[in-house]
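Below you'll find the structure I mean.
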Amino acid sequence: MMRSRICLIRHGITEGNQRRLYYGHSDIPLSDEGKAELAQLAASGLYPDSENASFYTSGLLRTEQTLEIIYGPREHEAIGDLREINFGRFEMKSYEELKEQKDYIAWISGDMTKVGPPEGESTGQFADRITSGFDELMKRHQLKVLSLRHKAEEALSVAVCHGGSISVIMEILYPGVKDNFYQWIPDPGHGYILYLENGAVVDTGSF
């Protein structure tokens, strides 16, 4: 039986979090508070480590910075399909800035699974993209597992991505377990560890 782990980490705090902005594809950095908090979490021993782990990000700056603060400079690959949802023309704007705009009112009062913000993604499109990204992560992880099949070491893949992205993955794995999508969103710098046996997720822990 081949056992392995995938660790999903949400990036640290950004200005977008602090100002409660709609932002997903906007390539913004971590805030100073976010960097400091991640350094403290890393020093506490929160994150799993392995000299031979494989590392991934969504390719956006905040995930790149998070990976380096937690694990130091590491060779890694980007899986672009794991990026956060695209809010289109609403990117980097707050509710207060948008609340009286007709296209915003139409969006929040409509079927978000089918209709996204102007020039953005619907939640259905987002879920389809994340499903593709998670499939890619699983394929790469399985290659890691196979590369270690004759060794005593357990394969570990670490993916630093986004709260919404992680929530979609958890809903894929555990449909109907939570009341809604938002209940799966981990705090910044936190996430989930997926425990796999023979390529299938058999248990999950949060951190």
Side-chain angles (χ1 to χ4, degrees), residues 6-31 34 56-63 66 78-141 159-194 200-201 204 206:
I6 295 176
C7 180
L8 304 172
I9 303 174
R10 182 185 177 187
H11 64 78
I13 295 169
T14 68
E15 176 190 2
N17 300 125
Q18 293 168 325
R19 293 176 55 198
R20 301 181 66 84
L21 304 178
Y22 287 99
Y23 80 104
H25 275 212
S26 297
D27 200 11
I28 63 175
L30 297 175
S31 66
Y56 304 93
T57 70
S58 72
L60 292 179
L61 177 59
R62 56 193 182 271
T63 65
T66 297
I79 301 177
D81 277 345
L82 291 179
R83 292 185 178 192
E84 185 61 275
I85 192 169
N86 183 357
F87 289 107
R89 295 210 304 264
F90 300 154
E91 288 273 333
M92 298 302 293
K93 291 183 171 62
S94 68
Y95 169 76
E96 289 299 319
E97 293 174 284
L98 295 169
K99 64 182 181 181
E100 295 182 4
Q101 294 186 19
K102 291 182 179 179
D103 52 1
Y104 177 75
I105 295 169
W107 172 57
I108 62 172
S109 60
D111 185 351
M112 292 185 181
T113 64
K114 296 179 180 177
V115 179
E119 301 174 21
E121 291 178 296
S122 68
T123 58
Q125 290 170 322
F126 174 54
D128 288 344
R129 174 167 60 77
I130 296 301
T131 299
S132 176
F134 183 56
D135 287 345
E136 180 64 23
L137 175 62
M138 288 288 282
K139 289 175 184 176
R140 297 189 191 194
H141 179 71
V160 182
C161 50
H162 309 267
S165 308
I166 292 171
S167 292
V168 171
I169 291 170
M170 298 306 294
E171 287 209 315
I172 291 169
L173 296 172
Y174 299 102
V177 170
K178 301 273 189 177
D179 290 337
N180 59 63
F181 162 93
Y182 299 100
Q183 291 182 355
W184 284 114
I185 296 178
D187 290 336
H190 293 261
Y192 299 95
I193 298 178
L194 311 179
V201 177
T204 301
S206 59

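What you are looking at is a predicted structure, and each value in this text was computed from that prediction instead of being measured.
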Nearest-0.5 Å distance, NE2 of residue H25 to NE2 of residue H162
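Output value for this atom pair is 8.0 Å.
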
To the nearest 0.5 Å, what is the distance between CD1 on I6 and CE on M138?
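Those atoms lie 5.0 Å apart.
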
Listed by chain and number, what are the side chain to side chain contact (heavy atoms under 4.5 Å, CB included) partners of S206, not counting sequence neighbours?
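Scan of S206 (side chain to side chain contact (heavy atoms under 4.5 Å, CB included), adjacent residues dropped) gives Y192.
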
Any non-hydrogen side-chain atom of P117 less than 4.5 Å from a side-chain atom of D103?
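Of all side-chain heavy-atom pairs linking D103 with P117, none is under 4.5 Å.
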
Interatomic spacing from CG in L8 to CD1 in I169 - rounded to 0.5 Å
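Interatomic distance, L8 CG to I169 CD1, rounded to 0.5 Å: 5.0 Å.
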
Contacts of E121 that satisfy salt bridge (charged side-chain N to carboxylate O under 4.0 Å, His left out) - sequence neighbours left out:
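Salt bridge (charged side-chain N to carboxylate O under 4.0 Å, His left out) list for E121, sorted by chain: R129.
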
Would I193 and C7 count as a side chain to side chain contact (heavy atoms under 4.5 Å, CB included) if you check the C-alpha gap in whole Å, the side-chain angles of each, and the deciding distance to 0.1 Å?
CA-CA 4 Å; I193 298 178; C7 180; 4.2 Å; yes

Is it true that a side-chain atom of Q101 and a backbone atom of L98 form a donor plus acceptor pair closer than 3.5 Å?
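No: the side chain of Q101 does not pair with the backbone of L98.
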
With S132, which residues qualify under side chain to side chain donor-acceptor pair (under 3.5 Å), at least two apart?
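Only D81 meet the side chain to side chain donor-acceptor pair (under 3.5 Å) criterion with S132.
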
Would you please name every residue forming a side chain to side chain donor-acceptor pair (under 3.5 Å) with T57, sequence neighbours left out?
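Testing T57 for side chain to side chain donor-acceptor pair (under 3.5 Å), a comparison that skips the adjacent residues, returns E64.
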
How many angstroms lie between CD1 in I108 and OH in Y95, if you round to the nearest 0.5 Å?
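Result: 6.0 Å between the selected atoms.
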
Under 3.5 Å, which donor-acceptor pairs do the side chains of residues 175-186 form with other protein atoms, sequence neighbours left out?
| from | atom 1 | to | atom 2 | distance (Å) |
| --- | --- | --- | --- | --- |
| N180 | OD1 | Y182 | N | 3.0 |
| N180 | OD1 | Q183 | N | 3.2 |
| Q183 | OE1 | D179 | N | 3.1 |

Summary of side chain to side chain donor-acceptor pair (under 3.5 Å) pairs that have at least one residue in residues 104-114, sequence neighbours excluded
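The answer is Y22-Y104, D111-T113.
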
Does T66 reach the main-chain N or O of G12 with its side chain, forming a donor-acceptor pair under 3.5 Å?
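Answer holds: yes.
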
Partner set under salt bridge (charged side-chain N to carboxylate O under 4.0 Å, His left out) for E119, not counting sequence neighbours
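Checked E119 against salt bridge (charged side-chain N to carboxylate O under 4.0 Å, His left out); matches are R89.
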
E171: which residues meet the side chain to side chain donor-acceptor pair (under 3.5 Å) condition with it, sequence neighbours left out?
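Expected list: none.
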
Salt bridge (charged side-chain N to carboxylate O under 4.0 Å, His left out) involving E100 - partner list, sequence neighbours excluded
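Partners of E100 by the salt bridge (charged side-chain N to carboxylate O under 4.0 Å, His left out) criterion come out as none, since no residue qualifies.
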
Backbone of T14 reached by a side-chain donor or acceptor of N17 within 3.5 Å
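Yes, N17 side chain to T14 backbone: donor-acceptor pair under 3.5 Å.
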
Apply side chain to side chain contact (heavy atoms under 4.5 Å, CB included) to residues E84 and L60 and explain how you reach the verdict.
CA-CA 9 Å; E84 185 61 275; L60 292 179; 5.5 Å; no

S94 side-chain N/O to R20 backbone N/O, donor-acceptor pair under 3.5 Å:
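Not a single qualifying donor-acceptor pair exists.
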
What residues, two or more places apart in sequence or in another chain, satisfy side chain to side chain contact (heavy atoms under 4.5 Å, CB included) together with L61?
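With neighbours one apart ignored, the set is D27, P29, Q65.
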
Side chain to side chain donor-acceptor pair (under 3.5 Å) partners for H141, two or more places apart
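So H141 forms a side chain to side chain donor-acceptor pair (under 3.5 Å) with S4, S157.
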
If I compare all heavy atoms of C161 with all of I166, which pair ends up nearest, and what's the gap?
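Residues C161 and I166, closest heavy atoms: SG-CG1, 3.6 Å.
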
Measure from the side-chain N and O atoms of S26 to the backbone N and O of E91, and report whether any donor-acceptor pair falls under 3.5 Å.
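No: the side chain of S26 does not pair with the backbone of E91.
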
What closest approach, in Å, do Q18 and I13 show between heavy atoms, and which atom pair accounts for it?
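Distance-wise, the nearest heavy atoms are CG-CG2, 3.7 Å.
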
Using 0.5 Å steps for rounding, measure from the OH atom of Y56 to the CG atom of L137.
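So the OH of Y56 and the CG of L137 are separated by 6.5 Å.
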
Out of curiosity, I130 CD1 to I172 CD1, how far, rounded to the nearest 0.5 Å?
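Between atom CD1 of I130 and atom CD1 of I172 there are 8.0 Å.
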
For the student: nearest non-hydrogen atoms of I28 and R62, plus distance:
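Smallest interatomic distance, heavy atoms only, reads O-CB, 3.5 Å.
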
F126 versus S165, closest heavy-atom pair with distance
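Looking at all heavy atoms of both residues, the closest pair is CZ-N, 3.8 Å.
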
Minimal non-hydrogen separation, G59 against A78, with atom names:
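Nearest heavy atoms, G59 then A78: CA-CB, 3.9 Å.
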
Quick one: salt bridge (charged side-chain N to carboxylate O under 4.0 Å, His left out) partners of K99, sequence neighbours excluded?
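K99: salt bridge (charged side-chain N to carboxylate O under 4.0 Å, His left out) contacts with E96.
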
